2 protein chains.
Amino acid sequence: MGEATIRDVARRAEVSVASVSRALNGLNNVRGETRERIMAAAKELGYVPHAGARSLSLARAHAIGVVLPDLHGEFFSECVRGMDREASRRGYLLLLSNMHDDSEQAAVALRAMRGRVDGLLVMAPHIPLEALERALPATLPAVLINAPGEIASRPALRLDNRAGARAMVEHLLGGGHRHIVHIAGPEGNVDAQERAQGFRDALAELAPDMPVRIISGDFNEEAGEAAAREIVASSAPCDAVFAANDMMAIGCLHTLRQAGKRVPEDIAVAGFDDVPLARYLALTTIEVRIAEIGARAVSRLIDMLEGKGADTRTELHEPQLIARATTAARVNGAAHG
Amino acid sequence: MGEATIRDVARRAEVSVASVSRALNGLNNVRGETRERIMAAAKELGYVPHAGARSLSLARAHAIGVVLPDLHGEFFSECVRGMDREASRRGYLLLLSNMHDDSEQAAVALRAMRGRVDGLLVMAPHIPLEALERALPATLPAVLINAPGEIASRPALRLDNRAGARAMVEHLLGGGHRHIVHIAGPEGNVDAQERAQGFRDALAELAPDMPVRIISGDFNEEAGEAAAREIVASSAPCDAVFAANDMMAIGCLHTLRQAGKRVPEDIAVAGFDDVPLARYLALTTIEVRIAEIGARAVSRLIDMLEGKGADTRTELHEPQLIARATTAARVNGAAHG
DNA sequence: TTGTACGCGTTATCAT
DNA sequence: ATGATAACGCGTACAA
């Protein structure tokens with residue numbers, strides 16, 4: 001009682017399954033009249049090829065597996081949107097699977113893809129490199145996105161977190177801010193690590209006299225709120241906060257204002273990601289064009305699958321600073337102390 | 001040179017493929033010693049079953065197809081997140097496909113799923129019912145989400161847009177607002193239609209003396225801005241705006257304030273969806289728990305697939321009003337005029 | 001307990 | 001131009 005198969009079509013058109021396959025796939029070695037009879041039979045039966053059987057026979061699924069961590073809302077959807085756009089443009093479907101924080105589960109998720117997809121897109125800023133390498137089926141093409149390092153012969157895309165952090169430090173120093181505090185992301189996350197390191201390096205180079213102050217966080221709003229309370233309570237000078245992502249910046253912003261601090265007059269606040277909220281709150285941030293990165297990852301993977309160049313280099317994507325009101329330049333020089 | 005197959009494992013363990021299959025699938029009719037030899041061989045070869053072949057043999061793919069329209073960011077990701085949570089909990093993968101505005105493309109997207117998934121989740125508030133029905137493979141189980149009507153024997157979930165709109169009208173009237181303008185969503189979209197109709201009906205019942213005023217929009221921020229300009233320019237009284245979604249409400253809010261209107265003192269503003277932005281802008285809105293709806297849709301589909309009751313009823317999800325500052329009650333009675 | 005052989009729905013090879 | 005048939009990798013009757 002299932003769907004009609006190629007055999008049903010063959011029977012109805014009174015030809016062999018081979019001819020049906022040829023006709024339906026547009027091969028030219030089939031007589032016009034025969035072709036028409038086949039097409040008619042197919043239409044009458046509402047025949048649709050069985051993609052599973054097809055991919056078994058062709059050894060190509062025309063699907064690519066996408067394994068993402070638990071991303072903050074807008075980031076996730078934009079990433080998938082970018083991927084889907086490019087994938088559907090090139091005739092591929094996306095098989096989705098969330099990889100939670102656990103390395104074990106990540107391996108399971110990756111194995112589940114075997115035999116259903118032609119290649120993998122893996123974003124894993126929080127999985128140790130060796131674990132990732134081990135979990136990745138050796139023969140399955142894969143493109144890494146923001147992995148915590150490079151794996152030989154695996155093409156990869158990376159966001160240039162360091163450059164973003166550096167740009168922000170330059171921007172803040174240029175605005176007359178001197179005592180910049182960084183709110184870091186989760187420890188195991190490469191993006192967080194690189195942003196923190198970029199902050200450290202930029203400060204060491206551009207303002208070597210300033211002490212480097214970093215408060216730990218976890219990318220959630222609450223961490224930003226906690227950091228704000230710590231900053232307000234502390235006697236250490238602080239005239240600017242650079243959070244490792246927008247959500248923490250936003251939490252910080254709110255709490256600072258509630259505590260009576262004026263932003264940016266007393267303390268400037270900046271984030272990273274440029275989530276839609278950032279624009280509405282006039283939050284200075286680093287724009288990460290995640291949809292573009294996703295689309296590009298798909299494109300590289302498909303190029304690989306179709307033999308159009310197996311470029312195995314790591315591609316660095318430069319983020320861009322978006323200056324808004326929360327980091328307006330200081331007007332006087334009363335920054336010290 | 002591909003991955004190891006079940007045959008390779010059989011050869012290495014010196015047994016038949018049947019025994020390998022049995023051992024790997026945990027059947028009990030295999031001797032302990034044999035099983036261990038098989039397990040060892042599988043591990044040594046890094047064998048992972050080929051899901052494609054498996055599903056062809058079992059006639060079950062353990063995957064479900066998700067066909068969504070081009071959703072606004074957060075809405076999309078939350079929906080997919082909810083679906084993925086439930087799907088992975090029950091051992092299914094999600095095959096994603098965006099269905100753009102075109103009915104033709106929708107049909108193509110649906111057909112591409114044949115032979116790869118066990119069932120379909122379709123959200124199509126913008127596709128005419130007949131087109132949707134025609135495009136849906138007759139024998140493939142499917143759960144409809146916010147479809148523009150009901151299809152016999154197809155289980156469905158719906159957001160109760162009318163109830164949401166009515167709750168908002170009650171809230172606004174209760175706050176002393178009298179001249180409420182509705183900014184509608186795109187014409188072909190059921191959610192938009194139902195919200196507008198709910199607005200009309202509620203007003204007709206609760207404030208029959210008030211004229212019903214509706215400005216057309218398209219769910220985008222710009223439409224809200226345009227509506228705001230129209231409201232400001234018009235001589236018709238207006239002390240409250242109820243937009244069919246948050247993004248339009250937000251656009252409206254900004255433009256009204258830029259035009260010197262105080263919100264909510266001069267004009268109250270409300271939206272629909274409760275996107276994260278809404279909370280930060282203190283926008284009154286209707287909370288739509290889309291992740292929950294997505295998870296529930298998956299759950300119903302899998303129940304169906306596994307024979308645990310083929311409940312074909314339409315399930316109505318009640319949204320909830322979230323009152324925030326943009327619709328604070330009027331303090332005096334100077335509303336008329 | 002174990003093995004042989006067939007079927008799942010296609011495509012591709014090799015005849016004719 | 002067309003047809004018979006062997007793959008593709010797996011599960012599972014059925015036989016032993």
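Just so it is clear: chains get the letters A, B, ... in the order the sequence lines come, proteins before strands, and each one is counted from 1. All values below come from the heavy atoms of this structure, side chains included, with hydrogens, waters and symmetry mates left out. The model shown is predicted, which means the values in this text are computed figures rather than measured ones.
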Using the salt bridge (charged side-chain N to carboxylate O under 4.0 Å, His left out) rule, collect all pairs that involve [range], keeping only residues at least two apart or in two chains.
range	answer
residues 5-14 of chain B	D8(B)-R11(B), R12(B)-E44(B)
residues 19-30 of chain B	none
residues 106-120 of chain A	R60(A)-D118(A)

Between [X] (side chain) and [Y] (backbone), is there a donor-acceptor pair under 3.5 Å?
X	Y	answer
N98(A)	H100(A)	no
N146(B)	L159(B)	yes
Q193(B)	E187(B)	yes

Terminal contacting nucleotides, 5' and 3', DNA chain D versus chain A (heavy atom, 4.0 Å): dA1(D) to dC10(D)
Residues forming a salt bridge (charged side-chain N to carboxylate O under 4.0 Å, His left out) with R289(A), sequence neighbours excluded: E292(A)
Leading and trailing nucleotides of DNA chain C with any atom under 4.0 Å from heavy atoms of chain B: dT1(C) to dT10(C)
Bend angle of the helix from dT1(C)-dA16(D) to dT16(C)-dA1(D), from helix axes over five pairs at each end, nearest 10°: 50°
Close residues, residues 29-38 of chain A, relative to DNA chain D [heavy-atom separation under 4.0 Å]: N29(A), V30(A), R31(A), T34(A)
Near-strand residues of residues 10-21 of chain B, defined as heavy-atom separation under 4.0 angstrom from DNA chain D: A18(B), S21(B)
CA sep, side-chain torsions, deciding dist, call: V67(B), L121(B), side chain to side chain contact (heavy atoms under 4.5 Å, CB included): CA-CA 6 Å; V67(B) 184; L121(B) 252 32; over 6 Å; no
Are [X] and [Y] within salt-bridge range, i.e. N to O under 4.0 Å?
X	Y	value
D303(B)	R90(B)	yes
R158(A)	E194(A)	yes
E33(B)	R37(B)	yes

Flag if over 12 foreign heavy atoms under 6.0 Å of CD, E104(A): no
R54(A) versus N25(A), side-chain donor and acceptor atoms under 3.5 Å: yes
Pairs meeting criterion ring pair (Phe, Tyr, Trp, His ring centres under 6.0 Å) with involvement of residues 37-65 of chain B, two or more places apart: H62(B)-Y92(B)
Criterion side chain to side chain contact (heavy atoms under 4.5 Å, CB included) on L96(B) and L93(A), from CA distance to verdict: CA-CA 7 Å; L96(B) 217 62; L93(A) 249 34; over 6 Å; no
Test side chain to side chain contact (heavy atoms under 4.5 Å, CB included) applied to F76(A) and V80(B), step by step: CA-CA 10 Å; F76(A) 172 82; V80(B) 174; 3.9 Å; yes
Contacting residues from residues 42-63 of chain B, given that a heavy atom lies under 4.0 angstrom of DNA chain C: L56(B), S57(B)
side-chain contact (heavy atoms from CB on, under 4.5 Å) involving P69(B) - partner list, sequence neighbours excluded: L71(B), M123(B), P125(B), H126(B)
